[in-house]
Number of protein chains: 2
Amino acid sequence: MHQPEHLKNAGLKSTLPRLKVLELLENAQDRHLTAEDIYRKLHEAGEEIGLATVYRALTQFEAAGLVTRHNFEGGQAVFELERGPHHDHIVCVHCGRVDEFYDKIIEERQRAIAKKLGFKLHEHTMTLYGECSGRDCPGRKNKG
Amino acid sequence: MHQPEHLKNAGLKSTLPRLKVLELLENAQDRHLTAEDIYRKLHEAGEEIGLATVYRALTQFEAAGLVTRHNFEGGQAVFELERGPHHDHIVCVHCGRVDEFYDKIIEERQRAIAKKLGFKLHEHTMTLYGECSGRDCPGRKNKG
DNA sequence: ATTGCAAATGAGAACGATTATCATTCGTAT
DNA sequence: ATACGAATGATAATCGTTCTCATTTGCAAT
Ligand SMILES: [Mn+2]
Ligand SMILES: [Mn+2]
Ligand SMILES: [Zn+2]
Ligand SMILES: [Zn+2]
């Protein structure tokens, strides 16, 4: 369900490459993807697109509020389609799994801290790092 | 007060370049510096040192727990000497000013969230971004 | 349907931050 | 003082991302 209107509404011309990127973000199993993930997945699906175009599309989507960029530690930025409300992330240091959460108390405290320090708060990043308990996580201490 | 013992205790050989970097981190007015900040300040002070050596020293200090690396948004990583207990940061989007804070409630919530999601928490990053109220901040709405 | 033109694309060059290479120098234990 | 492994510094290389520019496309006016 990739609507050209989504792009039009965001003030972006509806082009084939942009629609492909948007569609992939909508349908991919993983919500958090690097530019190269997207480039690779599109090529695997037989779609022609340049890497520079993927980067440009993502930057524009971000500016339009369609997409959020995260700089988890380590090289590449990851992008996710803006679906629901704000949330933060916890990342497994072994398998890279990303879980999402929202904590009202933390958000309140952040606002209070900014106020106390004399800042007009714009946004924040918060990422927790740890070891997940996935059955297939390589960091798992193999017990039954 | 740059003690060779600090390096020795950290398992690092006491060399002149490392002592210079450590001394600068101890004495610089700004607690949060990029590798190039350090390189530049040392050269301005007439000290000979290679940029690669600055990067290597910082990476080793980090591994030894003497220094913490932060990836605030935008290009360069910043480093700070590990002095007291853990804290997080709030950064002014206009002037780059960095303030530090610690919030016990947030830290507690983070632990609870990780537990609920089945993660063994290792660490976290939290950075707030906003507009500071410094007299000389360029983003300041000039009112008396 | 054709035309015209600004905007978008893609290939590859360029860029900035960081790391790797390697010949030379240094630190330190004998 | 000697010796040897580790550290240094100049520079090349790497990596993610952005820029350049010739070509193509979207789209609106014929
Ligand atoms: Mn997310
Ligand atoms: Mn700090
Ligand atoms: Zn995992
Ligand atoms: Zn400011």
Side-chain angles (χ1 to χ4, degrees), chain A residues 2-24 32-43 45-64 66-79 96, chain B residues 2-24 32-43 45-64 66-79 96:
Chain A
H2 46 96
Q3 280 101 336
E5 302 81 52
H6 285 176
L7 293 176
K8 296 273 180 68
N9 294 343
L12 295 172
K13 192 184 288 188
S14 172
T15 68
L16 222 46
R18 299 212 264 237
L19 288 169
K20 290 174 192 166
V21 171
L22 189 54
E23 181 187 17
L24 191 139
H32 307 90
L33 298 169
T34 67
E36 285 191 323
D37 285 340
I38 295 168
Y39 172 77
R40 184 171 31 75
K41 283 174 186 289
L42 286 176
H43 274 243
E47 304 284 4
E48 288 294 316
I49 191 170
L51 179 56
T53 301
V54 174
Y55 273 105
R56 275 186 295 238
L58 290 169
T59 300
Q60 291 155 345
F61 292 175
E62 183 189 21
L66 294 176
V67 152
T68 304
R69 180 196 306 252
H70 304 293
N71 289 295
F72 299 152
E73 72 182 30
Q76 288 125 293
V78 304
F79 299 85
Chain B
H2 46 97
Q3 280 101 336
E5 301 82 52
H6 286 175
L7 294 176
K8 296 272 181 68
N9 294 343
L12 294 171
K13 192 185 287 189
S14 171
T15 68
L16 221 46
R18 298 213 264 238
L19 287 170
K20 290 176 192 164
V21 172
L22 189 55
E23 180 187 16
L24 191 140
H32 308 91
L33 299 168
T34 67
E36 283 189 325
D37 285 339
I38 294 168
Y39 172 77
R40 184 172 30 76
K41 284 174 185 289
L42 285 176
H43 274 242
E47 303 285 2
E48 288 294 316
I49 191 171
L51 179 56
T53 301
V54 174
Y55 273 105
R56 276 187 296 240
L58 290 169
T59 299
Q60 291 156 344
F61 291 175
E62 183 189 19
L66 294 176
V67 152
T68 304
R69 178 195 309 251
H70 304 293
N71 290 294
F72 298 152
E73 71 183 31
Q76 288 125 293
V78 304
F79 299 84

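All figures in this text were calculated on a predicted structure; none of them were measured in a lab.
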Distance check needed: [N] [atom2] versus [X] [atom1], whole Å only.
X	N	atom1	atom2	answer
B:L19	D:dT8	CG	C1'	14 Å
B:E36	C:dC15	CD	C1'	13 Å
A:R69	D:dT18	CZ	C1'	11 Å
B:L7	D:dA6	CG	C1'	14 Å
B:L42	D:dT8	CG	C1'	14 Å

*Nearest heavy-atom pair of B:A77 and B:N71: which atoms, and what distance?*
CB-OD1, 3.6 Å

Hey, are the side chains of [X] and [Y] touching, using non-hydrogen atoms and a 4.5 Å cut-off?
X	Y	value
A:L22	A:L7	yes
A:D37	A:F79	no
B:T53	B:R56	yes

*Anything under 30° is parallel, anything over 60° is perpendicular, the rest tilted; go ahead and classify A:H43 against A:Y39.*
tilted

*Which ranges of DNA chain D pair up as stems, where a stem means three or more consecutive Watson-Crick or G-U pairs with both distances under 3.5 Å?*
C:1-30 with D:1-30

Just the table, please: protein N/O against nucleotides 23-29 of chain D N/O, every pair under 3.5 Å.
unit_1 : atom_1 : unit_2 : atom_2 : d
D:dG26 : O3'    : A:S14  : O      : 3.4
D:dC27 : OP1    : A:S14  : N      : 3.4

*B:A77, nearest nucleotide to its side chain (from D:dA7, C:dT18, C:dG10)*: C:dT18

_Nearest listed nucleotide, side chain of A:Q76, among C:dT9, D:dG16, C:dT18_ = D:dG16

*Strand contacts (DNA chain D) in residues 53-62 of chain B, 4.0 angstrom heavy-atom criterion*: B:T53, B:R56

*Among A:Q60, A:H6, A:E23, the one residue meeting side chain to side chain donor-acceptor pair (under 3.5 Å) with A:R18*: A:Q60

